[in-house]
Protein chains: 2
Amino acid sequence: MAELTLGEALFNPRAIALIGASADPNKNTSRAQRVLHKAGYTGRILPINPGRTEIFGDTAYPDIRQAPGPIDHALIMVPAAAVLPAIKGCIDQGVRVATIYSAGFAEMGEAGRAMQDCVVAVARAGGMRLIGPNCLGLVNVTDGVPITNNAAVEAETLRPGPLGLVSQSGSMMGALLSRAGARGLSFAKIVSVGNECDLGVGELAELIVEDDATKVLLLFLETFRDAPALARAARRAHVLGKPVIAYKLGRSDLGRQIAVSHTGAMVGGDELANAFFHEHGILRVDTLDGLVELPRMVMGRTPPRARRVAVLTGTGGGAAMVVDRLGSLGIEVVPPTPAIREAYSLPDSPLIDLPMGGAPGEYARLFRDLVASDHCDAVVGVLGSTSRLRPAQVNENILSVYDGSKPIAVFCAPQADEALRISDEAGVAAFRSPETCADAIHAYLTWRVPRVAPPAVDVTTAAAQVAGAEVFDEVQACALFATLGIEVAQAQVVTAPDQVRGIAGPCAVKLLSPDILHKTDAGLVRLHVEGDAAIAAAVTALLAMAAQKFPAARIRGVLVAAMQKGLSEVILGFRRDPEIGPVVMLGMGGVLAELRDSHALRIAPVELDTAWEMIGAVPELRMLQGFRSLPRGDVTALAHAIVNLSNLALLPTVQEAEINPLIIRAEGCGAVAVDGLVAFGDDHP
Amino acid sequence: MAELTLGEALFNPRAIALIGASADPNKNTSRAQRVLHKAGYTGRILPINPGRTEIFGDTAYPDIRQAPGPIDHALIMVPAAAVLPAIKGCIDQGVRVATIYSAGFAEMGEAGRAMQDCVVAVARAGGMRLIGPNCLGLVNVTDGVPITNNAAVEAETLRPGPLGLVSQSGSMMGALLSRAGARGLSFAKIVSVGNECDLGVGELAELIVEDDATKVLLLFLETFRDAPALARAARRAHVLGKPVIAYKLGRSDLGRQIAVSHTGAMVGGDELANAFFHEHGILRVDTLDGLVELPRMVMGRTPPRARRVAVLTGTGGGAAMVVDRLGSLGIEVVPPTPAIREAYSLPDSPLIDLPMGGAPGEYARLFRDLVASDHCDAVVGVLGSTSRLRPAQVNENILSVYDGSKPIAVFCAPQADEALRISDEAGVAAFRSPETCADAIHAYLTWRVPRVAPPAVDVTTAAAQVAGAEVFDEVQACALFATLGIEVAQAQVVTAPDQVRGIAGPCAVKLLSPDILHKTDAGLVRLHVEGDAAIAAAVTALLAMAAQKFPAARIRGVLVAAMQKGLSEVILGFRRDPEIGPVVMLGMGGVLAELRDSHALRIAPVELDTAWEMIGAVPELRMLQGFRSLPRGDVTALAHAIVNLSNLALLPTVQEAEINPLIIRAEGCGAVAVDGLVAFGDDHP
């Protein structure tokens, strides 16, 4: 018999074992069977329960090993301690994938995590894949195959539709099902991933993206656990013309903390998430309803060419609410073209104020002209009382004349359930609140194609420099930066005071040791030391102090470097995030920067265009780009330094690096790295 | 016959004239009459139309002068050009107040504004008050007196309720009516204010606040036109125990621009609006639905003692959405007390995770305990699938046991229309989206009682200094600051180089003239000039340059002041905003401050507690308050300087003042004003 693919075993199994199925209809563990029956599942349903020979009309088996094969999928609902034996039974039976509903694993702390790790190890050894544990299961709505105990799935009438959903929150699966349903939208495939012990959001997204019935993929995320797979899924979705929309928790520290304690996963900064979504062409919404109201705007579409939205409205106050919020999100509302303005005698305003009840056909014509016009990338129709009192006009004026050539959004200022319903039915995105409408438009207009990876740079020399390294001192770090193409301050290493000779100008004198951190705090750095005698004295003092305070440290000498002058100081950072992967960071240097977080972050490596974007995202750097009468700094050199540092992404053992400070000199005079560090990771040998 | 009060004439007139009433039922101008009939208005309805003797069963009159009196209220619906004659007719007839529906006034530009001014002048002279023009009228729902052409009012079934509404957007009147209605909430009094040529938001709010049927006042604002009256209304509302909730446009520049072009009013910064709401105890929501979903949380309540919210949830993902947003709004979620944690065996988490379907009565008991506990100021119940599938449980577990002693909010993660309905019916605030829920909780928890005005400070000496002044030079400005108690840099004014004698240390040398602005740009300031000879040379040069470049300017000499040293520079500002009134501003000095707007603003005068709040709102100032190993600055002196400058509010002719820079010295060493200006206004003689 032909082996099923993983996707087939997940969503179209020939037989499903329900391990721990209950015959008591009041128990949650009885629900999966009922739901399968109700959905008209045509494969075999195999309740596994040591105390029964039959449950709800299906033959029951005491052990999965005794049930007739082939069994492609098992839903495991036994207590946590009984999961491992159940998995072993599945392996013996040749089950391809198990969905583990049982809780009591990593989400409960260390003991649970250990037990979970054990389950995964056994399953892997047995060639079996896992969803969960602590998940609510999955549903193939397209073909009527629900593998879940979810009460919401049992209660709802599931009509097949175009949405895919992967959710890290089990309870939000039902919430999104009902919220989408109330908007006339339904699903093709739904998965609750639970603890993601094996199959995670990314790999499941990769599978669902290939599903023909799924046209848009929704993600409800609390954290990242397998970002590379999710990146692949998003890039594949782009190729297939399927937008991916994410709602992600963790915008606030408290939110992150709760998302974490709730799922037992790692913390990820929200900015990192934004960089990730941006990099891989994922749309991000900020409102819950945005997740179910945006899909109609983007289904079958690719990212816009520019970020211009035209607003047509019958209610000044209603439109102002949307536009006000768009403005605070940085989205430009474009006024009509002179031709349109003249044709419809419109006043000179970014909003186009035209009620539906005007001259017959006028609104519809104008609406069609806006959709056809090249001056905007999306059109919003803000509807006033007409949408509530004469909803049929929404059809006449908008829905029936809309050709779909550009995304449109309809926002109804009043409570206008019928107008929303007919918009939903016509497949037009309709919004219940000005905030959600602005959120969706912002998500669409800031949507970009996945970034193409920069062409490979030759890092052979740098790779040789770091080969086998476990720790670098400042001199080695700066040498690596120099190899990458970054200018570094000239310095000389002396091991005794009598080596100091003929150094001009004020110098920084600093102990050199890979084993002592925070040298400034330890008093092992002297600044503005001038003249051979003074420098030699500082060298003597530092060596003595280090020997006394840090007897065990390797002392490689004392670094003497001419003090650098420039217009501004920045910090350049590189880091290999455990989930997101390599990122490059640009921040202001100095104390003010610590008080007011001002930085930009991107997935590394980057090219020059992205480096310029990062520079533009740090307001303080405008100071160097022709602000008032201040001198211009060499921002071009900064952009190149960002690109060069980001190429550390190509050296897999480098875990973290920092240039602090990079001093930016006057225009044309470059930017120079004064100090820095490079750290190597255990995880990336 | 007893004269009616203005409130009675507005909301309970004995007779209403409909000037411009149409007999054509398809015309908007026919609607007011139908709406009055439908509402069962018991006073006399008097259509005024030169071409008819009867309209829809009511006797019509060609001119209001020929209609039988007394007529308390007229609704004017004639074209703009005919409004003035109509007003004259009203005056002749002794009409107390007219609502002008007609458009074509200030909202259309200068000519319209002139016509509007003329109408107001005539009405004032005739002792008559006006609402509008360009407004949709008003409704006394309590007594069934609608005076409006609004299609929404005609279409809706208006049940009397506890809300008052004053809206600067006419179309949002209907939108809010329907949105509130969908939540089972209804209104007592509604007014659309239009251009506010006479009666504005503030004065109308003052009237509605006194209305017994109105328990909460909602404001839909685009701008401020009569802030002092609105402040009085809010303070009176506080005394009467009636919360005032505002939604205000203008958070973004584009939003402000549109709000302005839409209504012909002045621009007001959003921060100014926040300061105003805060000062006068007005709750501000950021979402539209917050305006109709918050009232049940605050009705009959006063501001909370602290800002702590407890969250009880059956869905981790659902609660995280609310908590994440609360976190980004700066609101603290408090964990349960040890006693509650022990009683219910709760894990150590800020969220309380308890599904409704657990042990019978447990959820209800815990919910009651949280509402009774002193450790929190509000309780949020986040509901999962239960709210959709078994809505009656919401009643059993929350609504039926809630004693109202503390505000609660219910958020349903799924689409749960029935649970929302029964919550609405029980008078409990229920939220449709996590964003609106967080918005409302934030608005409630940051609600404060109106600030008590500081005790009067004696400004007799300062008042004498500014008496009759029209313009101040820097020396005079600094002398005024000194009188207010602010340390100013010692300086000497010389009118010839030979007066320079024995000035030690580096000096700033600056031309002194009240007629030359931007002296630095004009080259009339020299810094770091040291020694009598150098200073004398600078004095000569500046006097010569000024005489040549600015022959008409009054030259009062040259200011020579020792350069001041300190740890940081700030700017202190005072301004009399045309709408909001006096405000005091603290901002960072220097170039960085211009690149990254960092400042705090409050209504003036302020006391020390508010000054410290302002200092806390500028992150850069943490640098002076024990940051790393940096020296501490005299922030106490800064706080006193803020208070002292804010007392300019007590000198009504001072329009604007600025200290730039105020140099903050080390702790204990004070803060010194180096330069400044004071401007006097034409409007405040």
Side-chain angles (χ1 to χ4, degrees), chain A residues 151-152 155 168-169 171-172 174-175 178-179 181-182 220 222 249-255 258-259 261-262 287-289 314-321 323-328 333 349-351 384-385 388-389 413-416 433-435 591-592 595-596 598 619-620 622-623 627-628 630, chain B residues 151-152 155 168-169 171-172 174-175 178-179 181-182 220 222 249-255 258-259 261-262 287-289 314-321 323-328 333 349-351 384-385 388-389 413-416 433-435 591-592 595-596 598 619-620 622-623 627-628 630:
Chain A
Q168 282 178 331
S169 160
S171 55
M172 287 309 296
S178 62
R179 282 181 183 258
F220 187 95
E222 294 171 336
L249 288 169
R251 288 207 177 259
S252 73
D253 289 344
L254 181 57
I258 284 168
S261 65
H262 176 60
T287 60
L288 174 61
D289 283 342
T315 153
M321 292 189 294
V323 166
D324 196 15
R325 192 151 298 242
L326 281 174
S328 60
V333 173
S349 158
L351 289 189
S385 57
R388 178 171 173 88
L389 306 178
Q415 186 84 25
S433 81
E435 297 85 27
V591 169
L592 274 182
L595 290 166
R596 156 99 61 194
S598 192
E620 285 82 355
R622 279 171 43 212
M623 199 165 50
F627 184 79
R628 305 223 147 206
L630 293 178
Chain B
Q168 282 179 330
S169 160
S171 55
M172 286 309 295
S178 62
R179 282 181 183 258
F220 187 95
E222 294 171 335
L249 289 168
R251 288 207 177 261
S252 73
D253 288 345
L254 181 57
I258 283 168
S261 66
H262 176 61
T287 60
L288 175 60
D289 283 342
T315 154
M321 292 189 294
V323 166
D324 196 16
R325 193 152 295 244
L326 280 175
S328 60
V333 173
S349 158
L351 289 189
S385 57
R388 177 171 173 88
L389 305 179
Q415 187 85 23
S433 81
E435 298 84 28
V591 169
L592 275 181
L595 290 166
R596 158 94 68 184
S598 192
E620 286 81 355
R622 277 172 43 214
M623 197 163 52
F627 185 78
R628 306 223 147 206
L630 293 177

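Lettering of chains follows the sequences in order, A, B, ..., and the numbering in each one begins at 1.
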Next on the checklist: For B/Ser171 versus A/Gly316, what's the shortest heavy-atom pair and its separation?
Outcome noted: OG-N, 4.1 Å
Item to check | Closest heavy-atom pair and its distance - B/Gly250, A/Asp324 | outcome: N-OD2, 2.7 Å
Next on the checklist: Looking at every non-hydrogen atom in both residues, tell me the closest pair between A/Ser169 and B/Gly317 and how far apart they are.
Outcome noted: OG-CA, 3.6 Å
Checklist entry - Which atoms of A/Pro619 come close to chain B, meaning under 4.5 Å heavy atom to heavy atom: side chain ones, backbone ones, both, or neither? => result both
Checklist entry - Is a side-chain donor or acceptor of A/Arg179 paired with a backbone partner of B/Ala413 at a separation under 3.5 angstrom? => result yes
Checklist outcome for this item: CD of A/Glu435 to OG1 of B/Thr287, rounded to nearest 0.5 Å, is 5.0 Å
Item to check | Side chain, backbone, both or neither of B/Leu389 within contact of chain A (heavy atoms, under 4.5 Å) | outcome: side chain
